[in-house]
Amino acid sequence: MDFVGSNSAVAGHPGPAGAAQTVAPLRDTVREGLKIVVVGGFGVGKTTMVRSVSEIRPLSTEEVMTEAGVGIDDAGGVRGKRTTTVAFDFGRISLNDQLVLYLFGAPGQERFWFLWDRLFAGTLGAVVLVDTRRVEDSWYAIDRLEHQNLPFIVARNNFGPPTHTIDEVRDALSLSPDVPLVDCDARVRESSKAVLIELVRHVHVLAEAAYGPAAGLVRQP
Amino acid sequence: MIRGPIDRENPDRLYTITGGRSRADAEVFDLVTLVIAECDPSPAMQSEHFRILQFCRSPRAVVEIASHLGLPISVTRILLCDLLDAGRVTARHPSRSASVRPDDPPYAHPDLLKEVLVGLRRL
């Protein structure tokens, strides 16, 4: 699958300049980097989604936790290991002269989440990408996002004609009615773009309510 | 989990790059903090510092730098701290994306989100 393909390409990454230097630099005027995380099970199409909207070929990077760090986290799955490594892909969208959005494809498995606070604090929101053949892969991610109070939407990546109605998916995920659930084809740029727009619209609604009418008034001309 | 380059990396080398240090203040470098070189690299420098300065002639996010160097985020942050202390780079940290005060709502400000929406719709 795409996921595997892109990672093995990265594994062959020689490290030095060659591949990485072909990545276009940012505009000199850029002031602020923003984050959106696409989270989901293995092979669900996270990298595919990042690739379809990114202005650069998705890159991969890694983080390691040493034994000391592992000891204090609560991810039971990593206990007893000296170090643990998490790889994640990212892409980039220049939104305007000042803002650049980074999209991260992050694994949703339990062993990953101890890094969440360190890496993804300040994220605008998350897209949980779901493969309806393996709905259970998403339960943990949804649970953690709710717990972290991070706004998110769920996108069903259709690998073929859908076999379940969207309501059935909502039931299977025990998803709160407040959380948007959309269909997408992660391979298609317009479809992935629509998912991101839906996420930001959702967060915008939450933010306007939370910041109160004063926030809206500031924006009035 | 697919093994990446770092799993084949010699831990001694990672240790040497940072001199075995960890720095709490390295956490100020967010994944998307933008880093800009303020001077040219010189051959006398540690090779990783050299490569960062070369790479950051225009702004680059921390995550891009880590990927370029083929080093973990945490090691990259320590190298960036060294360069920041020496005045060789400047950093543009994300300031508007997260709530600043603890009692702020856990969302970005609606104005910023509106800007993001406009940018995405224009793609």
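Lettering follows sequence order; numbering is per chain, from 1.
For chain B, the nearby part of A/Leu99 is the side chain; its heavy atoms alone come within less than 4.5 Å. Of the atoms belonging to A/Leu124, it is side-chain heavy atoms, and not backbone ones, that fall under 4.5 Å from chain B. Heavy atoms of A/Leu206 lying under 4.5 Å from chain B belong to its backbone as well as its side chain.
When all heavy atoms are compared, the tightest approach of B/Pro110 to A/His204 is O-CD2, 3.3 Å. When all heavy atoms are compared, the tightest approach of A/Ala24 to B/Arg60 is O-NH1, 3.7 Å. Nearest heavy atoms, B/Ser58 versus A/Pro25: OG-CB, 3.3 Å. Pairing each heavy atom of A/Tyr211 with each of B/Ala108, the nearest pair is CE1-O, 3.5 Å.
Between the side chain of A/Glu62 and the main chain of B/Leu71, no donor-acceptor pair closer than 3.5 Å is present. Side-chain atoms of B/Ser67 come within 3.5 Å of backbone N or O of A/Ser60 as a donor-acceptor pair. A donor-acceptor contact shorter than 3.5 Å is absent between the side chain of A/Glu32 and the backbone of B/His93.
Ranked by non-hydrogen atom pairs under 4.5 Å with chain B, the options A/Leu101, A/Val203, A/Val200, A/Val205 are led by A/Val200. Contact tally against chain A (heavy-atom pairs below 4.5 Å) for B/Pro94, B/Ala61, B/Pro59: the top residue is B/Pro59. Interface remark: of the candidates A/Asn96, A/Asp28, A/Val53, A/Asp28 forms the most heavy-atom pairs closer than 4.5 Å to chain B.
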Verdict with reasoning, B/Glu64 to A/Phe90, per side-chain contact (heavy atoms from CB on, under 4.5 Å): CA-CA 9 Å; B/Glu64 290 179 84; A/Phe90 64 95; 3.8 Å; yes
Just do the side-chain contact (heavy atoms from CB on, under 4.5 Å) check on A/Val64 and B/Val75 with the steps written out, would you? CA-CA 9 Å; A/Val64 280; B/Val75 174; 5.5 Å; no
Evaluation steps, side-chain contact (heavy atoms from CB on, under 4.5 Å), between A/Phe104 and B/Val63: CA-CA 10 Å; A/Phe104 294 94; B/Val63 70; 3.8 Å; yes
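Against chain B, the residues from residues 145-154 of chain A that qualify, each with a non-hydrogen atom under 4.5 angstrom away, are A/Asn149, A/Pro151 in number order. The stretch residues 31-43 of chain B places B/Leu31, B/Val32, B/Leu34 near chain A, each with some heavy atom under 4.5 Å from a heavy atom of that chain. Identified by a heavy-atom distance below 4.5 Å to chain A, the contributing residues of residues 115-123 of chain B are B/Glu115, B/Val116, B/Leu117, B/Gly119, B/Leu120, B/Arg121, B/Arg122, B/Leu123, in residue-number order.
In this structure, B/Thr76 has no side chain to side chain donor-acceptor pair (under 3.5 Å) partners at least two apart in sequence or on a different chain.
Interatomic distance, CZ of A/Arg201 versus NZ of B/Lys114, reported as 10.0 Å (0.5 Å rounding). Going from atom OH of B/Tyr107 over to atom NE2 of A/His202 covers 7.5 Å, rounded to the nearest 0.5 Å.
Contact annotation: the side chain of A/Leu59 never approaches that of B/His68 to less than 4.5 Å [non-hydrogen atoms, C-beta and beyond].
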